[in-house]
Amino acid sequence: MDSISFASSTYTHVWCFIVDLAGKLKQFAPKFIIGGDILKRDPWCFDLKTCQLQRLNNLPTNVATSLAWKNYADAGLNIIHFKGKIAGKKTRIHFDTGTRFNAVLPTSELTPTAYIEIPGADIAEALTTKTVGQCKNIPVEISDYRFKVDFIKPTDDGSEEPRLNASFLMGKKWVLDYEHRQLLILSQ
């Protein structure tokens, strides 16, 4: 696309994909997706208390925690990978703000404590329900930042690494800074 105006800025030469998400994802379809092509051009502040997104001109100084990510040669365009631990085991973690559930790999040593039905769909598959294992209150460590989240354990979803959504950031303000490859969690 030649240009798009968003958040009081005009972005030129933007990747634009037109996909029938409502036809595949039904009631779970997002109205709009802001991709890495825009997010990587400026720092963006996500306020998950007020549900607001703001483009920043400068990085904030009230940083409580900085989580650095690394570019891997085998990673897709604009994908964020953290080096970390899940349940004490070192792993590469795919941070995906667009996924509904945190997920470990089917080969993970974690034992589900329950099995639940979840809705699932993607661009290629229509909405269905799937039975997955549920692993609750699992410790995660990225840099020196520690927290606990729930994971699902699908039988097979084609993932190559565990996925972490933004649930561990709920109620917080945080900044995605692609230029310096860091996620900044701001002081309250």
Undergrad: Looking at residues at least two apart in the chain, or sitting in another chain, which of them share a salt bridge (Lys or Arg N to Asp or Glu O under 4.0 Å) with Arg181?
TA: none
Undergrad: Mind checking what makes side-chain hydrogen bond (donor to acceptor under 3.5 Å, both in side chains) contact with Lys90, not counting sequence neighbours?
TA: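 Testing Lys90 for side-chain hydrogen bond (donor to acceptor under 3.5 Å, both in side chains), a comparison that skips the adjacent residues, returns none.
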Undergrad: About how many Å separate CD1 of Ile93 and CD of Glu141, when rounded to the nearest 0.5 Å?
TA: 9.5 Å
Undergrad: Which residues pass the ring pair (Phe, Tyr, Trp, His ring centres under 6.0 Å) test with His81, sequence neighbours left out?
TA: Tyr72, His94
Undergrad: In Å and rounded to the nearest 0.5 Å, what is the CG to CH2 distance from Leu53 to Trp44?
TA: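 Between atom CG of Leu53 and atom CH2 of Trp44 there are 5.5 Å.
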Undergrad: If we only count heavy atoms from C-beta on, is the Asp42 to Leu56 side-chain gap below 4.5 Å?
TA: no
Undergrad: Count the heavy atoms of every other residue, nucleotide or ligand shown that sit under 6.0 Å from NZ of Lys173, and state whether that count exceeds 12.
TA: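 Result for NZ/Lys173: open.
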Undergrad: Using the side-chain hydrogen bond (donor to acceptor under 3.5 Å, both in side chains) criterion, which residues pair with Thr50? Sequence neighbours excluded.
TA: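 Listed in chain order: Asp47.
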Undergrad: In Å and rounded to the nearest 0.5 Å, what is the OG to CG distance from Ser66 to Leu186?
TA: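 CG of Leu186 is found 10.5 Å from OG of Ser66.
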Undergrad: May I have all residue pairs that pass ring-ring contact (aromatic ring centres under 6.0 Å, His included) and include part of residues 47-71, sequence neighbours excluded?
TA: Trp69-Tyr178
Undergrad: Transitively linked via ILVMFWY side-chain contacts under 4.5 Å: Leu169 with Val149?
TA: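 Result: yes, single cluster for both.
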Undergrad: Less than 4.5 Å apart, any side-chain heavy atom of Ile185 and any of Leu67?
TA: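 Sidechains of Leu67 and Ile185: in contact.
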Undergrad: Can you tell me how far the CZ atom of Arg55 sits from the SG atom of Cys45, to the nearest 0.5 Å?
TA: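 Here the interatomic distance stands at 13.0 Å.
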Undergrad: Go through the steps to decide whether Leu184 and Leu59 satisfy the test side-chain contact (heavy atoms from CB on, under 4.5 Å), and finish with yes or no.
TA: CA-CA 9 Å; Leu184 306 173; Leu59 290 175; 4.1 Å; yes
Undergrad: For Phe101, what residues pass the ring pair (Phe, Tyr, Trp, His ring centres under 6.0 Å) criterion, not counting sequence neighbours?
TA: none
Undergrad: Applying side-chain contact (heavy atoms from CB on, under 4.5 Å), run through Lys172 and Gln188 and close with a yes or a no.
TA: CA-CA 7 Å; Lys172 296 179 174 32; Gln188 300 292 344; 3.6 Å; yes
Undergrad: Mind checking whether Leu176 and Met170 sit in one hydrophobic cluster, side chains of I, L, V, M, F, W, Y counted as touching below 4.5 Å?
TA: yes
Undergrad: Between Phe95 and Phe82, how do the two ring planes meet: parallel, tilted or perpendicular, split at 30° and 60°?
TA: tilted
Undergrad: Flag yes if Val132 and Phe151 sit in one hydrophobic cluster, no otherwise; membership is Ile, Leu, Val, Met, Phe, Trp, Tyr, and two members link when side-chain heavy atoms are under 4.5 Å apart.
TA: no
Undergrad: With sequence neighbours excluded, tell me which residues meet side chain to side chain contact (heavy atoms under 4.5 Å, CB included) with Ser187.
TA: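 Listed in chain order: Asn62, Ala64.
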Undergrad: Show your reasoning for whether side-chain contact (heavy atoms from CB on, under 4.5 Å) applies to Ile86 and Ile138.
TA: CA-CA 7 Å; Ile86 296 175; Ile138 304 300; 3.9 Å; yes
Undergrad: Pair up each side-chain donor or acceptor in residues 102-120 with any protein partner under 3.5 Å, not counting sequence neighbours, and list the distances.
TA:
{"from": "Asn102", "atom 1": "OD1", "to": "Asn165", "atom 2": "N", "distance (Å)": "2.6"}
{"from": "Asn102", "atom 1": "ND2", "to": "Asp150", "atom 2": "O", "distance (Å)": "3.2"}
{"from": "Asn102", "atom 1": "ND2", "to": "Ser167", "atom 2": "OG", "distance (Å)": "3.2"}
{"from": "Ser108", "atom 1": "OG", "to": "Leu110", "atom 2": "N", "distance (Å)": "3.1"}
{"from": "Thr113", "atom 1": "OG1", "to": "Gln134", "atom 2": "O", "distance (Å)": "3.2"}
{"from": "Glu117", "atom 1": "OE2", "to": "Thr131", "atom 2": "OG1", "distance (Å)": "2.3"}

Undergrad: With rounding to the nearest 0.5 angstrom, report the OG1 to CH2 distance, Thr97 to Trp174.
TA: 6.0 Å
Undergrad: Does some side-chain heavy atom of Val140 sit less than 4.5 Å from a side-chain heavy atom of Phe168?
TA: no
Undergrad: Is there a side-chain contact between Leu183 and Tyr145 (heavy atoms, below 4.5 Å)?
TA: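 Leu183 does not reach Tyr145 side chain to side chain.
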Undergrad: Got a second to check how far Thr99's OG1 is from Leu164's CG, nearest 0.5 Å?
TA: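 The CG atom of Leu164 is 9.5 Å from OG1 of Thr99, to the nearest 0.5 Å.
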Undergrad: If the condition is side-chain hydrogen bond (donor to acceptor under 3.5 Å, both in side chains), which residues does Asp144 pass it with, not counting sequence neighbours?
TA: none
